[in-house]
Amino acid sequence: MMNDSNASTIIKSTGNKIIEWMVSFLPESLHGEWTQTIAGILIIGLVAGLLQFLVRVWIIRLLHQLRKKAEHPWYDALLQCKVPQRALFLLPLLIFHLGIDWLSQLPDEFLHFLLRFVNSLMILVVARTLGGLLTVFHTIYMGREGAGKRPIKGYIQLLIIFIYIIAVILIFAQLVDQSPWYFLSGIGAISAILLLIFRDTLLSLVAGVQLTNNNLIEVGDWIEMSQFGADGDVIDIALHSVRVQNWDKTIAVIPTHKFLDNSFRNWRGMKQSGGRRIKRSLYLDIESIRFLTLKEVRRLRQSHLLKEYFDKKLKEVDQYNAQNLDDASVVTNARWLTNIGTFRAYVSAYMKNHPQIHKKLLVLIRQHEPTENGLPMEVYAFVNSTEWLVYEQVQSDIFDHLLSILPEFGLRHFQKPSGYDFDKISENRRLH
């Protein structure tokens, strides 16, 4: 049986013959050691490239076939992140590393440099493959239920950066033929420069840990951060940045560490409560506020939303007037129903009976301090849906109804005069 040394000798001899045969086609003036060396390198490179191409095509096809049969998320993630394609770059480098020794014509110094250069490329391929595997792990993790609550993309990116830093140190050590500890020993001297370079990375890492551990932000949360023009859903939480898709479909990119320096609003609580708040005021013309007439009371009492209110309120008013009314001609001596109070009771009953108002959350109809724009009457309630479209439709329907029903109570909504009003005044003056 042939041992390894004999096989190596035969391979070297065969390789040299092939090289000599190729060089024989060149003019005699180009015959020499360097010409044979270049020809040998080209042969090794051609063999390595061809073998890598054939194996790469075969393995990728095999993986695609396994992907169709197994349908496992790991296969999808591996192919999506191109991990096999990255790892297969080791094959031509290994062939080149082994074949370079067969070139006996190479000077020792140049041979060692080539070997160190190939080793450096192999380190880079290993680093890229490890980075791809970490990306695969992140892809699998994000496919799990509830992964958005504990995003790990920042940690994955930090590990990838660490792997590439180590790879760069090892590559420099290979190229200059020094121990890696030679470079690591000088890190202390340039630590201040490194801190300056990686300042944002360190701040972002601390911010990411706080955001994740305190559950301040999750993927899918609606946040507002006006300082950075962000108002929309969080779509990505990474080491250095948080991406927010605004409602106008633009993307706001916020540095992660800025969440420690600036305040922001998270609407997650609104979504979890199942209700979205309505907080809007009707501005009533103060001059339209007055007491109701008996005719109006009888007409409004026919409303099923006001029947209970009138029964209770009229009983209270009658009891009070019977006990305290000495002179009926003095208005201040008696109690009576106002159109604004009755309207407020109507709005309260209307909101509580509305099918799309959340019954377990607060429903409040209140007055604010009168302003130059009239008396604000605020409607404070919650729609039983957090979807924007449903919320806006319900809110619009409610105020459509309330604005239309105001004249039934003898009330007017306050509105500043427009050009139409002034034209109407001018026309009345001309007629008179």
Side-chain angles (χ1 to χ4, degrees), residues 80 135 138-139 141-143 146-161 195-281 283 358 361-362 368 371 373 376 378-399:
Q80 181 182 353
T135 306
H138 178 255
T139 303
Y141 176 81
M142 291 304 296
K149 297 181 179 180
R150 287 284 184 265
I152 62 171
K153 186 173 183 178
Y155 305 115
I156 295 295
Q157 289 180 329
L158 184 65
L159 285 174
I160 293 175
I161 291 174
L195 287 175
L196 181 62
I197 295 174
F198 293 103
R199 171 183 172 274
D200 289 343
T201 300
L202 295 174
L203 290 175
S204 298
L205 175 62
V206 174
V209 171
Q210 293 193 11
L211 292 175
T212 302
N213 290 344
N214 296 326
N215 200 21
L216 300 179
I217 296 180
E218 298 176 4
V219 174
D221 283 353
W222 169 18
I223 68 168
E224 283 185 55
M225 209 168 182
S226 57
Q227 305 93 318
F228 299 94
D231 182 13
D233 291 334
V234 176
I235 59 176
D236 184 45
I237 301 175
L239 175 61
H240 293 96
S241 63
V242 175
R243 290 194 300 156
V244 179
Q245 185 176 45
N246 297 322
W247 301 123
D248 58 0
K249 299 305 179 182
T250 58
I251 303 294
V253 180
I254 307 169
T256 306
H257 64 86
K258 291 298 183 181
F259 284 86
L260 298 180
D261 304 329
N262 300 273
S263 62
F264 63 94
R265 176 182 294 181
N266 192 330
W267 290 83
R268 188 197 310 161
M270 178 269 293
K271 291 186 177 180
Q272 292 176 346
S273 70
R276 190 164 179 177
R277 186 184 67 177
I278 294 176
K279 186 182 179 184
R280 184 183 291 185
S281 295
Y283 288 85
H358 206 301
L361 298 178
L362 179 64
H368 287 286
T371 68
N373 294 322
E378 184 180 83
V379 177
Y380 191 101
F382 293 82
V383 178
N384 59 8
S385 174
T386 60
E387 294 184 15
W388 188 18
L389 181 61
V390 176
Y391 165 76
E392 292 294 349
Q393 288 178 342
V394 173
Q395 182 175 231
S396 298
D397 289 342
I398 288 172
F399 279 87

Only counting residues at least two apart or in another chain, list the ones meeting salt bridge (Lys or Arg N to Asp or Glu O under 4.0 Å) with [X].
X      : answer
Lys279 : none
Glu392 : none
Asp397 : none

Practice prompt. Determine the minimum heavy-atom distance between Tyr283 and Pro376, stating which atoms define it.
Written response: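 Result for this residue pair: CE2-CG, 3.7 Å.
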Worksheet item: Which pair of non-hydrogen atoms, one from Thr386 and one from Lys271, has the smallest distance, and what is that distance?
Response: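 Of all heavy-atom pairs spanning Thr386 and Lys271, the closest is CG2-CA, 3.8 Å.
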Discussion item. Taking ring pair (Phe, Tyr, Trp, His ring centres under 6.0 Å) as the definition, give me every residue that meets it alongside Tyr391, ordered by chain and number, with sequence neighbours left out.
Written reply: none
Discussion item. According to ring pair (Phe, Tyr, Trp, His ring centres under 6.0 Å), who are the partners of Tyr380, at least two apart in sequence or on a separate chain?
Written reply: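 Counting only residues at least two positions away or on another chain, Tyr380 forms a ring pair (Phe, Tyr, Trp, His ring centres under 6.0 Å) with Phe382.
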Discussion item. Contact between Leu216 and Phe259 at the side-chain level, heavy atoms closer than 4.5 Å - yes or no?
Written reply: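 No, side chains not in contact.
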Discussion item. A side-chain contact here means heavy atoms from C-beta on lying under 4.5 Å apart; do Val394 and Asn384 qualify?
Written reply: no
Discussion item. Just checking Glu378: does its CD atom have more than 12 heavy atoms from other residues, nucleotides or ligands closer to it than 6.0 angstrom?
Written reply: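 Atom CD in Glu378 is crowded, with more than 12 foreign heavy atoms closer than 6.0 Å.
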Practice prompt. Would you check if the side chain of Thr256 reaches a backbone N or O of Ser241 as a donor-acceptor pair within less than 3.5 Å?
Written response: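 Yes; judged by distance alone, with no hydrogens or angles, the pair exists.
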Worksheet item: For Met270, does its backbone N or O pair with a side-chain atom of Ser273 as donor and acceptor, under 3.5 Å?
Response: yes
Worksheet item: If you measure from CG on Leu361 to CZ on Arg276, what distance do you get to the nearest 0.5 Å?
Response: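 So the CG of Leu361 and the CZ of Arg276 are separated by 14.0 Å.
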Discussion item. Distance check, rounded to the nearest 0.5 Å: Ile217 atom CD1 versus Phe264 atom CZ?
Written reply: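 Rounded to the nearest 0.5 Å, the CD1-CZ separation comes out at 4.0 Å.
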Practice prompt. Could I get the full list of side-chain contact (heavy atoms from CB on, under 4.5 Å) partners for Leu159, not counting sequence neighbours?
Written response: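 By the side-chain contact (heavy atoms from CB on, under 4.5 Å) rule, Leu159 matches Leu134.
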Worksheet item: side-chain contact (heavy atoms from CB on, under 4.5 Å) with His240: which residues, sequence neighbours excluded?
Response: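 Residues passing side-chain contact (heavy atoms from CB on, under 4.5 Å) with His240: Ile161, Thr201, Ser204.
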Fill in: Summary of salt bridge (charged side-chain N to carboxylate O under 4.0 Å, His left out) pairs that have at least one residue in residues 237-260, sequence neighbours excluded
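The answer is Asp236-Arg243.
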Pair up each side-chain donor or acceptor in residues 220-230 with any protein partner under 3.5 Å, not counting sequence neighbours, and list the distances.
from: Asp221; atom 1: OD1; to: Arg268; atom 2: NE; distance (Å): 3.3
from: Asp221; atom 1: OD2; to: Glu218; atom 2: N; distance (Å): 2.8
from: Asp221; atom 1: OD2; to: Asn266; atom 2: ND2; distance (Å): 3.1
from: Asp221; atom 1: OD2; to: Arg268; atom 2: NE; distance (Å): 3.0
from: Asp221; atom 1: OD2; to: Arg268; atom 2: NH2; distance (Å): 2.8
from: Trp222; atom 1: NE1; to: Asp231; atom 2: OD1; distance (Å): 2.8
from: Glu224; atom 1: OE2; to: Trp267; atom 2: NE1; distance (Å): 2.8
from: Gln227; atom 1: NE2; to: Ser263; atom 2: O; distance (Å): 3.4

